[in-house]
Amino acid sequence: MADKNLLKELLKRVECFSELDKASLALLEEKTQLQSFDPADVIFSEGERGDRLYIVKSGEVRVFKKDERGNRVEIDALGPGDFGGATSLFLDEPRSATLEARGRVELWVLDRVTFQRLLESNSAMAKALLTFMSRHARKESTILAKLQSLDRETGLKVAVFDAKTYTQRILEARNKRDYGLTFFDHRLTFDTASSAMGYKVACVFVNDTVDAFVVERLKEMGVELIALRCAGYNNVDIAACERCGISVVRVPAYSPHSVAEHSIALMMALNRRIYRAYNRVREGNFALDGLVGFEIHGKTVGVIGTGRIGRCAVEVLLGFGCRILALDKFPNTELANRPGLQYTTLEALLRQSDIISLYVPLAPETRHLIDAKAIAEMKRGVMIINTSRGALIDTQALIDGLKSGQVGSAGLDVYEEESEYFFEDFSDAVITDDVLARLMGFGNVIVTSHMAFLTHEALVNIADTTFDNIKEYEDGKRGRELTNGVCSKCA
């Protein structure tokens, strides 16, 4: 009985069945069959004609797609309650992906032939589905009419993904060219790429997914330009964009002072235990035990990356009277002549620095730059600051260093697996990422939610540069012709 009740509830989650009466749902439940699969069994193959709705009862299903070389790439995993193939009950279309059992799997399955016979013998169900789809079609027609009116009333249409309130306000205020902006709170993924239908420009942020599958989907939607509202582009498959004829632009330097100042704020808050002192005083505890810090003046700070942001941080740290050990693939000759700063090797920087702060982009050669080996070479009790990209640090190695005391404290504005949590409100939910939860459990770690860029000045710069990038595209520039364009040779 429990299984039957659960199946009815899950059938109601399928959009076209959501408004069926109890009798119709009972008929569907009666015709739905339970199928079992062994580990590694292929349930459906990509390109195979779809002919059934499936709902996962138990186990886990892996979802694969073929890339441009024909290699299988895992793009998703389905668990109990997840479903797919509803359109197969009405249309004879090929499967878009391969489904494979991971371990023992049970699926509830309703095939097209059985479903259509059910409709033929039950006119009430057919009428209910017809009513639902008619209402749905009217709604879609209304939306289409609205979009068509926008085409006439506004300029170039731009789909803005992962658009929080502060993003919308700034973009609307700085939209001097009257582009047709549509804001989507959800992130860009393969499943949400259809939101870009009819838009020439997809405007995305750091945690949007723009891999090869998404790029191909965007091309189908008619997108010709991906406009990043950030400097980094490691989340974009540039080669796939070039194959699909989609140009990519970014904001290379929105406000280096914003990020640099946040990194310094993390240093000061960690060192002087500001967060602990604040929480104590709010509870009426004015004791000073455990709040002893150190003077940053005279300390050695390792600055990895001396681009725009790194240079701003260096200026502040030199003002504090710090000794700076710098590392960069392309040393800045002007900085190299500054008293108190010396370019050196990674090994020397790790061994001598009291504080290490990261300002480099994420690339294959910088991924896990700070790993267990690097941490072992550092001064005991070192402070590590990262306001760049989470994957610069091997998080588990950092946790081990914190537990052993090799790392004295850490200030992190970014996290390797941040995309599931950062920029969203999980205050009423359980953090299921054990690594992130462990990090936040340390009293000598501050984690902020990728907010180093979040100043009014930076948001204005991001908006203005983004609109300038779009204007160049509107004027006919493409690919490398674009001032802030990204190509595969520079990616």
Side-chain angles (χ1 to χ4, degrees), residues 1-67 70-122 124-126 128-129 132 189-192 209 211 213 217 420 429-430 432-434:
M1 181 62 69
D3 278 356
K4 289 181 178 294
N5 290 335
L6 175 60
L7 177 55
K8 287 178 183 176
E9 288 301 313
L10 293 175
L11 284 168
K12 287 171 65 176
R13 289 176 52 193
V14 181
E15 189 177 16
C16 59
F17 300 154
S18 60
E19 297 181 26
L20 292 182
D21 57 26
K22 291 182 179 179
S24 296
L25 285 170
L27 286 171
L28 284 175
E29 178 264 325
E30 180 184 334
K31 297 298 182 181
T32 302
Q33 302 296 314
L34 186 63
Q35 294 185 1
S36 299
F37 298 88
D38 292 323
D41 277 356
V42 174
I43 300 167
F44 304 118
S45 295
E46 183 177 354
E48 175 185 324
R49 309 309 294 185
D51 65 348
R52 64 198 63 192
L53 164 76
Y54 59 88
I55 302 174
V56 182
K57 178 187 177 186
S58 64
E60 186 175 0
V61 176
R62 305 166 73 188
V63 183
F64 297 92
K65 281 186 71 67
K66 290 182 180 178
D67 63 17
N71 299 317
R72 290 201 323 165
V73 179
E74 184 171 352
I75 62 169
D76 202 358
L78 307 177
D82 290 332
F83 65 88
T87 56
S88 297
L89 297 177
F90 304 94
L91 300 173
D92 180 17
E93 293 185 340
R95 297 284 183 185
S96 61
T98 295
L99 272 61
E100 183 179 289
R102 175 182 285 170
R104 181 74 171 174
V105 170
E106 290 182 301
L107 298 182
W108 279 302
V109 173
L110 177 64
D111 68 84
R112 186 194 306 133
V113 173
T114 301
F115 176 67
Q116 291 182 348
R117 286 175 179 168
L118 190 60
L119 289 181
E120 290 169 1
S121 60
N122 293 271
M125 182 187 295
L129 286 173
F132 169 82
T189 65
F190 183 80
D191 292 330
T192 65
T209 300
D211 59 20
F213 300 120
R217 189 81 171 120
E420 183 176 352
V430 175
T432 58
D433 185 327
D434 293 339

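The basis for the numbers below is simple: all heavy atoms, side chains too, and nothing from hydrogens, waters or symmetry mates.
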**OP:** Kindly compute the distance separating CD1 (Ile55) from CG (Leu34), expressed to the nearest 0.5 Å.
**Re:** 11.0 Å
Original post:
Can you tell me how far the CD atom of Glu29 sits from the NZ atom of Lys22, to the nearest 0.5 Å?
Top reply: 14.0 Å
**OP:** Only counting residues at least two apart or in another chain, list the ones meeting side chain to side chain contact (heavy atoms under 4.5 Å, CB included) with Asn71.
**Re:** Asp67, Arg69
Original post:
Which value, rounded to the nearest 0.5 Å, describes the distance between Arg62 atom CZ and Leu78 atom CG?
Top reply: 12.0 Å
**OP:** Mark yes or no for whether Arg112, through its side chain, and Ser88, through its backbone, hold a donor-acceptor pair below 3.5 Å.
**Re:** yes
Subject >> Member of Thr32, Val14, Leu107 meeting the side chain to side chain contact (heavy atoms under 4.5 Å, CB included) criterion with Leu53 >> reply: Val14
Subject >> Shortest non-hydrogen contact between Thr432 and Glu420, atoms and distance >> reply: OG1-OE2, 4.4 Å
Subject >> Those residues that, when tested against Phe44, pass ring-ring contact (aromatic ring centres under 6.0 Å, His included) (two or more places apart) >> reply: Tyr54
N/O donor to acceptor pairs below 3.5 angstrom from side-chain atoms of residues 96-106, sequence neighbours left out:
{"unit_1": "Thr98", "atom_1": "OG1", "unit_2": "Glu46", "atom_2": "N", "d": "2.8"}
{"unit_1": "Glu100", "atom_1": "OE1", "unit_2": "Arg72", "atom_2": "NH1", "d": "3.2"}
{"unit_1": "Glu100", "atom_1": "OE1", "unit_2": "Arg72", "atom_2": "NH2", "d": "3.3"}
{"unit_1": "Arg102", "atom_1": "NH1", "unit_2": "Glu60", "atom_2": "OE2", "d": "2.9"}
{"unit_1": "Arg102", "atom_1": "NH2", "unit_2": "Glu74", "atom_2": "OE1", "d": "3.4"}
{"unit_1": "Arg102", "atom_1": "NH2", "unit_2": "Glu74", "atom_2": "OE2", "d": "3.0"}
{"unit_1": "Arg104", "atom_1": "NH1", "unit_2": "Asp38", "atom_2": "OD1", "d": "2.6"}
{"unit_1": "Glu106", "atom_1": "OE1", "unit_2": "Ser58", "atom_2": "OG", "d": "3.0"}

Original post:
Taking only residues two or more places apart in sequence, or in another chain, which ones meet Asp51 in a side-chain hydrogen bond (donor to acceptor under 3.5 Å, both in side chains)?
Top reply: none
**OP:** Mind checking side-chain hydrogen bond (donor to acceptor under 3.5 Å, both in side chains) for Gln35 and listing every partner two or more places apart, or none if nothing turns up?
**Re:** none
Subject >> Exercise: identify the closest heavy-atom pair between Gly59 and Val56 >> reply: O-CG1, 3.8 Å
Subject >> Distance, nearest 0.5 Å, that separates CG of Asp191 from CZ of Arg217 >> reply: 9.5 Å
**OP:** Please round to the nearest 0.5 Å and tell me the distance separating atom CG of Leu89 and atom CG of Leu119.
**Re:** 9.0 Å
Subject >> For Thr192, all residues meeting side-chain hydrogen bond (donor to acceptor under 3.5 Å, both in side chains), sequence neighbours excluded >> reply: Thr189
Subject >> CG on Leu110 to CG on Leu11, rounded to 0.5 Å >> reply: 7.5 Å
**OP:** Show the numbers, then the answer: is there a side-chain contact (heavy atoms from CB on, under 4.5 Å) between Leu28 and Phe115?
**Re:** CA-CA 8 Å; Leu28 284 175; Phe115 176 67; 4.0 Å; yes
Original post:
How would you list, by chain and number, every residue that makes a side-chain hydrogen bond (donor to acceptor under 3.5 Å, both in side chains) with Asp433, sequence neighbours excluded?
Top reply: Tyr415
**OP:** Tell me, please, which residues at least two apart from Arg117 pass salt bridge (charged side-chain N to carboxylate O under 4.0 Å, His left out).
**Re:** none
